[in-house]
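The structure appears right after this line, and notes come after that.
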Amino acid sequence: MIGMVLAAGAGRRLRPYTDTLPKALVPVDGETTILDIALSNLAEVGLTDVVIVVGYRASAVEERKAALEEKYGVSITLVHNDKAEEWNNAYSLWLAREHFAKGVLLVNGDTVHPVSVEKTLLANRGPQILLAVDNVKTLADEEMKVILDGEGHLQKITKLMDPATANGEYIGATLIEPAAAEALADALKATWEGDPDLYYEDGYQEFVNRGGKIGVAPIGEVAWVEVDNHDDLAKARKIATTY
């Protein structure tokens, strides 16, 4: 199994940091960036082969690649998304499809969370795809929310639902087993071909619509944040020092 980080996004709401850096390289604890935390977490659970999907300001990641490999004891493979500023991340994840067959622990490059999330996913292996879900947090409109079926599998995943009907929030970390590789790649392809502005979570929905099973792993009381804007960044800087 390998680690994977989606780090192609521009993060325009985090300017001026992202005038010259991708969102994943915004610092959250001194010189420690979101990407540093992701790589540290993956290395701590033994995933030292890591694929990073880059796009916007990819050169900034390329320039740090050797230093990051040395610091965290990982081997990094970069996958380039040349449409990162035009299309959404369903396409980004699809571009890394050749690596799915190895088994992947995927994390978003804009999410700050402790290594307990990776440990929870690995401890609950079983379903072809397993999502880390916060079922404690009070939800609002912006979150990527999930509804589960009677067997506890994913039924629906979208931001566009009444928070009161949701069973929790997907936090941007997924375990993809090798058995899901081909079907997930096909579902992602159908998603971005249908609308390149869709999220990879819409690809998960397509996977489910086609009969695939996606499980969820509740993460419990965990301090984490998706860094979309400066308020989120302020939260990230408070919690990152506690890990």
Quiz item: Linking I/L/V/M/F/W/Y whenever their side-chain heavy atoms sit closer than 4.5 Å, directly or via other members, would Val136 and Val133 fall into one cluster?
Solution: no
Exercise. Please answer: with hydrophobic residues joined when any side-chain heavy atoms are less than 4.5 Å apart, are Leu198 and Trp192 in the same cluster?
Key: no
Quiz item: Taking NZ, NE, NH1 and NH2 as the nitrogens, is one of them in Glu44 or Lys119 under 4.0 Å from a carboxylate oxygen of the other?
Solution: yes
Quiz item: Taking 4.0 angstrom as the limit, do Arg125 and Glu177 come out as a salt bridge?
Solution: yes
Under a 4.5 Å cut-off applied to non-hydrogen side-chain atoms, are [X] and [Y] in contact?
{"X": "Asn41", "Y": "Val117", "result": "no"}
{"X": "Thr174", "Y": "Leu130", "result": "no"}
{"X": "Pro22", "Y": "Val54", "result": "no"}
{"X": "Lys213", "Y": "Phe207", "result": "no"}
{"X": "Leu42", "Y": "Val5", "result": "yes"}
{"X": "Ile171", "Y": "Ile219", "result": "yes"}
{"X": "Lys71", "Y": "Asp36", "result": "yes"}
{"X": "Val222", "Y": "Asp134", "result": "no"}

Quiz item: Going by distance alone, is a donor N or O of one side chain under 3.5 Å from an acceptor N or O of the other, for Glu62 and His80?
Solution: yes
Exercise. Please step through side chain to side chain contact (heavy atoms under 4.5 Å, CB included) for the pair Trp224 and Glu226, ending with a clear verdict.
Key: CA-CA 7 Å; Trp224 72 278; Glu226 179 183 359; 4.2 Å; yes
Got a second to check how far [X]'s [atom1] is from [Y]'s [atom2], nearest 0.5 Å?
{"X": "Lys145", "Y": "Lys159", "atom1": "NZ", "atom2": "NZ", "value": "8.5 Å"}
{"X": "Ile34", "Y": "Leu21", "atom1": "CD1", "atom2": "CG", "value": "10.5 Å"}
{"X": "Leu131", "Y": "Ile129", "atom1": "CG", "atom2": "CD1", "value": "7.5 Å"}
{"X": "His230", "Y": "Arg237", "atom1": "NE2", "atom2": "CZ", "value": "9.0 Å"}
{"X": "Thr77", "Y": "Ile2", "atom1": "OG1", "atom2": "CD1", "value": "7.5 Å"}
{"X": "Tyr91", "Y": "Asp197", "atom1": "OH", "atom2": "CG", "value": "14.5 Å"}

Self-check item: Lys102/Asp49 under side chain to side chain contact (heavy atoms under 4.5 Å, CB included): CA gap, chis, key distance, verdict
Solution: CA-CA 10 Å; Lys102 302 169 187 174; Asp49 289 323; over 6 Å; no
Quiz item: Just wondering, more than 12 heavy atoms not from Lys238 lying within 6.0 Å of its NZ?
Solution: no
Quiz item: Does a sphere of radius 6.0 Å around OH in Tyr72 hold more than 12 heavy atoms from other residues, nucleotides or ligands, not counting ones at 6.0 Å or beyond?
Solution: yes
Between the side chain of [X] and the main-chain N/O of [Y], is any donor-acceptor distance below 3.5 Å?
{"X": "Lys23", "Y": "Gly109", "value": "no"}
{"X": "Asp29", "Y": "Thr32", "value": "no"}
{"X": "Gln128", "Y": "Ile176", "value": "no"}
{"X": "Gln205", "Y": "Ile157", "value": "yes"}
{"X": "Arg210", "Y": "Leu184", "value": "no"}

What are the two closest non-hydrogen atoms of [X] and [Y], and how far apart are they?
{"X": "Ala7", "Y": "Ala24", "answer": "CB-CB, 3.7 Å"}
{"X": "Gln155", "Y": "Val208", "answer": "O-CG1, 4.1 Å"}
{"X": "Ala173", "Y": "Val107", "answer": "CB-CG1, 4.1 Å"}
{"X": "Thr191", "Y": "Tyr199", "answer": "CG2-O, 4.1 Å"}
{"X": "Asn135", "Y": "Asn167", "answer": "CB-O, 3.6 Å"}
{"X": "His113", "Y": "Thr111", "answer": "ND1-CG2, 3.6 Å"}

Practice problem: Under the side chain to side chain contact (heavy atoms under 4.5 Å, CB included) rule, what do Ile147 and Met161 come out as? Steps first, then yes or no, please. | Solution: CA-CA 9 Å; Ile147 290 178; Met161 72 167 76; 3.6 Å; yes
Quiz item: Yes or no on side chain to side chain donor-acceptor pair (under 3.5 Å) for Asn81 and Ser92, after CA distance, side-chain angles and deciding distance?
Solution: CA-CA 6 Å; Asn81 178 357; Ser92 276; 2.7 Å; yes
Quiz item: side chain to side chain donor-acceptor pair (under 3.5 Å) with Tyr200: which of Asn89, Asn108, Asn88?
Solution: Asn108
Quiz prompt | Leu175/Met1 under side chain to side chain contact (heavy atoms under 4.5 Å, CB included): CA gap, chis, key distance, verdict | solution = CA-CA 10 Å; Leu175 196 64; Met1 178 163 285; 3.4 Å; yes
